[in-house]
Q: 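Could you have a look at this structure, given as structure tokens, before my questions?
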There are 2 protein chains.
Amino acid sequence: MASRTTSKARQVVAGARPETRQAENFRQIRREHAHEIAEDYVEAIADLSATLGEARVVDLARRLGVTHVTVNRTLARLREAGHVNTKPYRAIFLTESGRKLAEECKRRHQTVVAFLRSLDISEKVAEKDAEGIEHHVSQETLAAFVRHLAAAAAGIRSSR
Amino acid sequence: MASRTTSKARQVVAGARPETRQAENFRQIRREHAHEIAEDYVEAIADLSATLGEARVVDLARRLGVTHVTVNRTLARLREAGHVNTKPYRAIFLTESGRKLAEECKRRHQTVVAFLRSLDISEKVAEKDAEGIEHHVSQETLAAFVRHLAAAAAGIRSSR
DNA sequence: TTCATCTTGTAGCCATAGCTACATATTTTC
DNA sequence: GAAAATATGTAGCTATGGCTACAAGATGAA
Ligand SMILES: [Mn+2]
Ligand SMILES: [Mn+2]
Ligand SMILES: [Mn+2]
Ligand SMILES: [Mn+2]
């Protein structure tokens, strides 16, 4: 029978804390995933409202690459979360909290895209990667991106 | 009744392609999410095997911050995907494809962490953000990170 | 060797997030 | 104003990915 290291021996060798911290990291990322859809939806609703005057279910479905059924069900949850107001067969409107969230997400999205662009990443890839990365960027990392952008801008100014 | 812009009018105004491209971005990110768990698992299994000599269900559960039930079910899927070999009540082993995937993920993970560290982000935050960001970094972006790291290293060399 | 503890497995619950198929409402067109 | 087209809503399916509660195997100590 394969001999195996016991729990106790392992704890003595490695210590318990690092494992706990890593577990906490994974938990936090799962929480971020839960928020991710809400963030992309409110951002899309704000954008469609600004561009087309109003956001409709079909528009969201096209934009997000899902069917109108999925949009409907997600909107129901966003309504319960207090981010949107919907009435049957009517356009979708953001609540105050939805607007605020959309505002934040848009700024963060733009920052991430600009940061990637500053590393000479092509526009298409920057847009695509940002769409996923944005949801996992902490305040500290976002601030570092902004610093980097400011430094790059200063570099260009001084070298022209 | 609220008048609304027609689909046709909208297409004329905005063009259909940008929406389609954005939808494709979102689809790709959903695909990445589907791979994400497999990536974190094989990376954890490789790491535990190297550190403790073998990877057990309880170890994975502790590491990933989930219950052993969740680990069991995910392992069943990883087995079907051909990434691990498991036998009841035995340690978990990576297949050749699992080992290869783990290798790639580990390198990418380390690159992302090193890149964030090079922006003066604290080690804890870098580790945490990398755990989420890593799954959404394209080849092009990863290459840009490596370039940036090389440039930073060269800068240090020339200024000492 | 037996007993307690630890580990693994399984049954079955929930929520999320996708889908097709179909029904109904609204809008546009003729 | 009726018909056609479009948009929205709903029923009900799948898979993922969490969980608790309980059952059973494996290991270590007495
Ligand atoms: Mn996004
Ligand atoms: Mn976004
Ligand atoms: Mn990860
Ligand atoms: Mn990782």
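Letters A, B, ... are given to chains in the order of the sequence lines, protein chains preceding strands, and every chain is numbered from 1.
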Q: Under 4.0 Å between a side-chain N or O of T74(A) and OP1 or OP2 of dA17(C)?
A: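 Checking T74(A) against dA17(C): no side-chain N or O falls below 4.0 Å of OP1 or OP2.
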Q: Among dA17(C), dT7(C), dC19(C), which nucleotide has an atom closest to any side-chain atom of R56(B)?
A: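 Minimum distance to the R56(B) side chain belongs to dT7(C).
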Q: Hey, which sits more toward the 5' end of DNA chain C by its nearest nucleotide, V69(A) or Y89(A)?
A: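 On the 5' side of the pair lies V69(A).
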Q: In whole angstrom, give the distance that lies between atom CG of L60(A) and atom P of dT8(D).
A: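 It works out to 9 Å between those atoms.
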Q: In whole angstroms, how far is the C1' atom of dA15(D) from the CD atom of E80(B)?
A: 12 Å
Q: Any salt bridge between R31(A) and E24(A), counting N to O under 4.0 Å?
A: yes
Q: Are R56(A) and E54(A) ion-paired here, with the side-chain N under 4.0 Å from a carboxylate O?
A: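 So R56(A) pairs with E54(A) through a salt bridge.
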Q: Name the residue closer to the 5' end of DNA chain D, choosing between H68(B) and R73(B) according to the nucleotide with the nearest heavy atom.
A: R73(B)
Q: Round to a whole Å and report the spacing from CG of L78(A) to P of dT16(C).
A: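 Whole-Å distance recorded here is 11 Å.
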Q: Separation of Y41(B) atom OH from dT16(D) atom C1', in whole Å?
A: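 Checked: the OH to C1' distance equals 12 Å.
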Q: Determine, for E96(A) against R99(A), whether the closest basic-nitrogen to carboxylate-oxygen distance falls under 4.0 angstrom.
A: yes
Q: In whole Å, what is the span from the CD atom of E54(B) to the C1' atom of dT7(C)?
A: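 Spelled out: CD on E54(B) to C1' on dT7(C) is 12 Å.
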Q: If you assign each of L75(B) and A34(A) to its closest nucleotide in DNA chain C, which residue comes earlier from the 5' end?
A: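 Checking each residue's closest nucleotide, the 5'-ward one belongs to L75(B).
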Q: How many Å lie between CD on Q28(B) and P on dG18(C), as a whole number?
A: 15 Å
Q: From the set dC19(C), dT7(C), dC19(D), return the single nucleotide nearest to any side-chain atom of T67(A).
A: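 The closest nucleotide is dC19(C).
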Q: Charged N to carboxylate O below 4.0 Å: is that the case for E127(A) and R21(B)?
A: no
Q: Taking only the side-chain heavy atoms of N72(B) (C-beta and beyond), determine which of dG9(C), dA7(D), dG18(C) contains the nearest atom.
A: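 Selected nucleotide: dG9(C).
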Q: Quick check on dG25(D): is either OP1 or OP2 less than 4.0 Å from any side-chain nitrogen or oxygen of R90(B)?
A: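 No, outside the criterion.
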Q: Round to the nearest Å and state the distance from R30(A) atom CZ to dC14(C) atom P.
A: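 Rounding to the nearest Å, CZ of R30(A) and P of dC14(C) are 21 Å apart.
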Q: Is R147(B) paired with D120(A) through a side-chain N to carboxylate O contact shorter than 4.0 Å?
A: no
Q: Please report, rounded to the nearest Å, how far the C1' atom of dG18(C) is from the CZ atom of F26(B).
A: 16 Å
